[in-house]
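Predicted model, so just to flag it, every value in this text is computed and none were measured. Each chain gets a letter, A, B and so on, in the order its sequence line appears, and its residues count up from 1. As a basis for the values below, the full set of heavy atoms in this structure was taken, side chains included, without hydrogen atoms, waters or symmetry mates.
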2 protein chains.
Amino acid sequence: MSAAESAVETIQREMTIFARRARASAGRMHPELSLVSYTLLGHLEERDGCRATDLAAHYALDKSTVSRQVAALERAALIERRLDPEDHRVQVLHLTEAGREILAQVTRSRRAAFRERLAEWPEEDLVRFAAYLERYNAGPAGADAE
Amino acid sequence: MSAAESAVETIQREMTIFARRARASAGRMHPELSLVSYTLLGHLEERDGCRATDLAAHYALDKSTVSRQVAALERAALIERRLDPEDHRVQVLHLTEAGREILAQVTRSRRAAFRERLAEWPEEDLVRFAAYLERYNAGPAGADAE
DNA sequence: AGTCCAAGTTGTACTATACAACTAGAAACC
DNA sequence: GGTTTCTAGTTGTATAGTACAACTTGGACT
């Protein structure tokens, strides 16, 4: 096997390990906010509000799934729905102040964990690793792990 | 923010994106073998058989979860249990021929997807990316995404 | 008006998971 | 050698996340 092929094998294996671990631990780390809820809140913050359908499309989730997630987040008072005056079918979702705070807090704690894990890495390696990951994720949709 | 800090941010964000996508797609890609089942079978192949408790410890799963996964894999005739003659509490799990085949098939298809995604990468980058991922995953347990 | 489409909700089912209570067998201890 | 303690695994129960299908409501387009 060429060096490139064996590197692809390793990348596959290590990405799989990462995904499995992330999945297994997501709920344990932040009981107050699942990985899915976290990414949904993050999306809302980034976009400054969006529709449930946009979330479903972006994360390849069924609209019923998003509907229930949104309902849970609203019950927890982390988001609020505002009826679109242009189209009464549409609910524009916005973070509440509490949602913004929880999101910031979870982001801080995740960031701290990553930072600790990467504490020993030289800056040069961090920058290159980050670039590789971005490049990998920016790749065509539909491939493995997509 | 220093280059190192911003690289850590990027790594966190991209790893999260990857984990979310992997989770969302795991079931769709290989309906015949979930991500968990796949990794369990892979472990069995690599170790040439092991105990349910070893799987639970290695993957940070509850023993009841492993017990049910193992039961499902046995029902599907992908693995078999052999009583340890030394210790009658222990069941040593082994891949069956069918299990070996399914595993090989899913591995091929996952490998093809990764290869396609990485097709444009120069060998040098593949090797470095693989090394970074290994280093990241080899890091101390208990950190984020663990 | 009537048809079709789009956004969201609800009913139902399934999978993965954890925790707790249990059984069966092994080991340790005195 | 019997009692206690530990280990491997199963089963009961509960929860989260997910999909699919059926439905409701509101717009859009003839």
>> So B:S67, base contact, sugar-phosphate only, or nothing? Heavy-atom distance under 4.0 Å.
In response: base
> Taking CG from A:L55 and P from D:dA19, how many angstroms apart are they, rounded to a whole number?
Replying inline: 13 Å
>> Any non-hydrogen side-chain atom of B:Y59 less than 4.5 Å from a side-chain atom of B:L40?
In response: yes
>> Please determine whether a side-chain nitrogen or oxygen atom of A:S34 lies at a distance below 4.0 Å from atom OP1 or OP2 of D:dA16.
In response: no
> Mind checking whether B:Y136 and A:W121 have parallel, tilted or perpendicular rings, split at 30° and 60°?
Replying inline: perpendicular
> Which residues pass the side-chain hydrogen bond (donor to acceptor under 3.5 Å, both in side chains) test with A:E80, sequence neighbours left out?
Replying inline: A:R82
>> Quiz question: going by heavy-atom distance under 3.5 Å, is there a donor-acceptor pair between the base of D:dT15 and the side chain of A:R68?
In response: no
> Roughly how many Å is it from CD in A:Q91 to P in D:dG27, rounded to a whole number?
Replying inline: 13 Å
> Quick one: are A:R115 and B:E9 in side-chain contact, heavy atoms under 4.5 Å?
Replying inline: yes
> Is there a residue in residues 37-45 of chain B whose heavy atoms reach under 4.0 Å of DNA chain D, and which residues are they?
Replying inline: none
> With the threshold set at 4.0 Å, does a side-chain nitrogen-carboxylate oxygen contact exist between B:R128 and B:E124?
Replying inline: yes
> Among residues 73-90 of chain A, which contact DNA chain C at a heavy-atom distance under 4.0 Å?
Replying inline: A:R81, A:R89, A:V90
> Which whole-number value in Å describes the distance from B:K63 NZ to C:dT23 P?
Replying inline: 13 Å
> Tell me: OH of A:Y59 to C1' of D:dT18, nearest whole Å?
Replying inline: 17 Å
>> Output the rounded distance in Å from CG (B:L93) to C1' (D:dA8).
In response: 11 Å
> Nearest to the side chain of B:T53, which nucleotide is it out of C:dA16, D:dA8, C:dA7?
Replying inline: D:dA8
>> Using the side-chain hydrogen bond (donor to acceptor under 3.5 Å, both in side chains) criterion, which residues pair with A:R51? Sequence neighbours excluded.
In response: A:D54
>> Can you list everything that forms a ring pair (Phe, Tyr, Trp, His ring centres under 6.0 Å) with B:H58? Sequence neighbours excluded, please.
In response: B:H43
> Given C:dT17, is OP1 or OP2 found less than 4.0 Å from the side-chain N or O atoms of B:S64?
Replying inline: no
> Nearest of D:dT18, C:dA16, D:dG9 to any side-chain atom of B:Q69?
Replying inline: C:dA16
> Side-chain N or O of A:T65 less than 4.0 angstrom from OP1 or OP2 on D:dG17?
Replying inline: no
> Over how many whole Å does the gap from A:D54 atom CG to C:dA6 atom C1' extend?
Replying inline: 12 Å
> For A:E5, what residues pass the salt bridge (Lys or Arg N to Asp or Glu O under 4.0 Å) criterion, not counting sequence neighbours?
Replying inline: none
>> Donor-acceptor pair, distance only, cut-off 3.5 Å: does the side chain of A:T39 make one with the backbone of A:L35?
In response: yes
